[in-house]
Amino acid sequence: MAAGPKQAAIHVGDRVAVRLDAKSTEESRGEVRYVGPSGAQRAVVGIRLDERKRGLGDGKRSSGERHFRCEPGHAIFASPSQCRLVARAPRRDRRAAGKENEAAPAPAAAAAPPPAPPFDLEAELEAVVGLAGAKDALRSLRNRLVVGKKRAALGVVDAPPRLYLLVGAPGAAFGAVARALAGLLGDLGVVGASKVAREEATRWRCGGRGDRDRAAAAARAAADALDAAGGGVLLVGGAGDLCDGDGQAAALDALCEGWRSERTVLAVAVDEPRRAALLRAAPRLAAARPVALELADYSEAELAELVRRDARARGFAVDPAGDGPDWLVRSLAPRRAGAGEGEGGVILARACVDGALRRQTDRVYASGTASSESLLRLRRADFEDDGARADAGAAALAALDGVVGLAGVKEHVRALTAQVRLDRERRRHGMPVERGASLHCVFRGPPGTGKTTVARLLARALGALGAVRAGDRVVECDRGALVAPYMGQTALKVREAFDRASGGVLFVDEAHALVESDKDAFGREALDTLVKLLEDRRGDVVVVLAGYSAEMAALFRRNPGLASRFPHVFDFEAYTAAELGAIARGLLAARDLELAPGAGAALDEALAAAGGGNGRAARNIVEAAARRMARRLDGRLRDRRTVPPDELRRLLAADFHP
């Protein structure tokens with residue numbers, strides 16, 4: 001039986017790649033400065049990273065041991081299994097570095113680190129999957145810089161560009177392109193260091209009560225980011241989140257202003273739909289005329305290679321045989337076709353490997369085998385979960401059928417899921433499908449009619465179809481969770497709710513209360529931000545607005561853009577008396593309670609007296625009856641008298657009367 005992938009030995013002076021976040025496929029690279037024991041650990045690898053990272057030290061461990069010394073923010077310790085060998089150190093340098101660590105000299109006497117290998121742009125690009133357009137742009141940039149140096153000797157100056165716009169969907173390899181850019185610019189002397197510092201735009205959502213507060217926070221964020229870059233490349237990720245025009249782009253503008261005086265290159269990552277909006281929101285960025293590097297979507301074959309690399313980085317191997325050489329491409333095609341906006345690239349590859357590992361683990365456990373091949377090899381069956389998804393979707397719809405009443409709502413849910421299924425199948429065959437079709441819904445009707453229950457089942461059904469990544473994620477909120485008491489803070493709360501619901505459903509209960517009157521500025525801010533995020537996060541979050549029919553109509557009149565963004569309107573009818581009786585009896589069965597002769601009529605009378613067709617009334621009546629039964633039996637239980645099991649579950653007619 002074939003052995004699993006063998007871990008290459010790592011020595012001091014080698015170049016390695018290591019993942020700092022187990023949930024990410026992005027790797028950081030650096031030079032090995034120490035290999036050996038540390039505290040209770042038998043073997044650790046001390047690495048001096050090329051890029052400065054927040055929270056990292058200078059080679060001294062928290063236990064007080066020091067194994068090497070470097071600039072603060074660059075040192076990390078990892079196990080050998082977490083490290084991927086990138087390049088061997090020359091043997092002479094390796095021996096010298098090994099002796100240095102064996103002798104453990106004082107830091108002041110440490111030998112200088114071996115020189116980094118010469119930068120090779122083609123080798124760096126070869127390690128990046130896909131992105132042919134961005135690679136060609138980097139080659140053209142190299143040609144421009146090399147020829148520009150020769151022209152400068154003749155007195156013709158072509159200033160190297162120092163501002164770049166990395167344009168691609170979430171999931172593109174922005175970090176890999178930025179590292180290649182940093183290596184190229186460092187090799188040709190455009191920047192002082194061939195390193196990348198990454199800052200996420202979410203850190204720059206500068207709150208505050210006024211423009212002055214936001215400007216001050218923006219200046220601080222810009223200074224911190226430039227300090228982290230340290231003369232290399234500063235990559236700003238997810239910059240599209242800053243283009244909503246409410247002052248959040250102030251940090252990016254401040255960064256562009258401060259960056260002019262630094263020997264730093266700025267690379268701003270943004271998705272194509274929000275490129276123009278970002279340039280409008282940050283005029284200094286637009287005025288600097290950034291060079292655009294286009295990161296195209298990955299093909300099916302490129303996605304398969306991303307999956308192989310992600311699995312390899314976790315210590316697993318994808319079965320090369322399968323069912324023909326292209327089996328992985330064919331297996332991933334439905335996932336790629338069904339992926340929403342913002343769910344492709346490395347994000348989709350990571351999700352595919354996550355699912356494959358879960359199924360492989362279950363398969364290995366059931367088989368009882370424990371060979372290295374069975375434990376560390378992923379097969380075709382591990383990547384195909386259509387059967388499991390179909391079962392989950394059928395279970396969600398079956399649970400919906402078990403809900404009392406709501407015939408019209410059930411039919412609407414089935415029609416919506418049928419449309420999603422049809423679109424997915426058309427994509428698989430290369431047929432045209434409306435791109436970015438909205439799944440946002442409005443649930444309108446009286447209270448207590450099952451809107452929250454239906455939202456959870458709809459999320460499960462959409463998750464089974466791949467329309468949302470996490471069908472079990474339903475974030476429930478209301479006005480109190482979205483509206484803040486200060487201007488500028490409400491938008492942050494709405495974004496935070498979207499972040500929590502990422503990949504699932506955001507359910508806004510009593511949405512009609514978001515805007516209480518024409519003078520409700522905070523409520524209007526919440527509604528305007530929600531409308532903006534509906535477009536910005538399309539494909540990532542499905543939003544369900546729930547509320548009373550007349551009040552929801554008034555809310556939609558306050559913002560005419562709402563109607564076009566919520567094409568699916570579900571009308572929930574009040575329950576009939578018979579439906580309320582069925583709900584109450586279902587609650588009794590779930591509690592293992594039963595009705596004594598004559599108690600059924602008493603239950604129906606209590607439901608009729610409650611009126612309103614509210615399902616919560618049925619729950620309240622059942623709970624009140626259970627409390628009266630407990631009070632009725634309490635004297636006998638306190639006297640330690642035996643109560644037959646039948647009496648512990650039987651409700652009498654008197655239990656339904658106050």
Side-chain angles (χ1 to χ4, degrees), residues 7-89 93-117 119 175-176 178-179 182-183 186 191-200 224-235 264 313:
Q7 172 73 39
I10 294 174
H11 303 279
V12 173
D14 290 345
R15 298 275 301 167
V16 296
V18 61
R19 287 197 301 165
L20 303 184
D21 183 354
K23 298 180 180 179
S24 171
T25 58
E26 291 231 4
E27 296 178 323
S28 296
R29 299 188 179 194
E31 176 189 311
V32 176
R33 294 288 187 85
Y34 175 80
V35 179
S38 179
Q41 295 175 274
R42 296 178 58 186
V44 299
V45 180
I47 306 164
R48 189 269 184 197
L49 297 179
D50 299 337
E51 308 167 14
R52 182 177 181 271
K53 302 287 185 181
R54 291 182 182 275
L56 298 186
D58 63 353
K60 186 176 182 180
R61 306 210 72 180
S62 59
S63 61
E65 295 177 280
R66 177 178 293 284
H67 299 300
F68 69 95
R69 183 182 294 275
C70 68
E71 311 94 303
H74 287 267
I76 187 172
F77 291 88
S79 67
S81 63
Q82 292 177 285
C83 302
R84 181 173 63 84
L85 183 65
V86 175
R88 288 290 190 197
D93 291 340
R94 190 191 302 169
R95 286 196 300 271
K99 291 178 181 178
E100 171 193 330
N101 280 297
E102 289 171 9
F119 178 76
R179 283 192 295 273
V191 294
S194 298
K195 63 180 185 179
V196 177
R198 181 161 186 162
E199 296 282 346
E200 290 301 320
D224 289 346
L226 290 170
D227 177 64
V233 171
L234 174 61
L235 173 61
T264 299

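Side-chain contact between R29 and R84 is present, with heavy atoms from C-beta onward closer than 4.5 Å. The shortest side-chain heavy-atom distance between H67 and R33 does not fall under the 4.5 Å cut-off. Taking the side chain as every heavy atom from C-beta outward, L56 and E51 never approach each other to under 4.5 Å.
Among all heavy-atom pairs drawn from V16 and C83, the shortest one is CB-CB, 4.4 Å. Nearest heavy-atom pair across L235 and A178 is CD2-CB, 3.9 Å. The shortest non-hydrogen separation linking V35 to H11 is CG2-C, 4.2 Å. Here the shortest heavy-atom pairing between K53 and S28 reads CE-OG, 3.5 Å. Here the closest non-hydrogen pair linking C70 and R48 is CB-CG, 3.6 Å. Residue I47 comes nearest to F68 through the heavy atom pair O-CZ, 3.6 Å, listed as atom of the first residue, atom of the second, then distance.
Residues passing the side chain to side chain donor-acceptor pair (under 3.5 Å) test with R198, sequence neighbours excluded: E26, E200.
With rounding to the nearest 0.5 angstrom, the CD atom of E71 is 10.0 Å from the CZ atom of R52. One finds the CG atom of L49 at 11.0 Å from the CD atom of E31 (value rounded to the nearest 0.5 Å).
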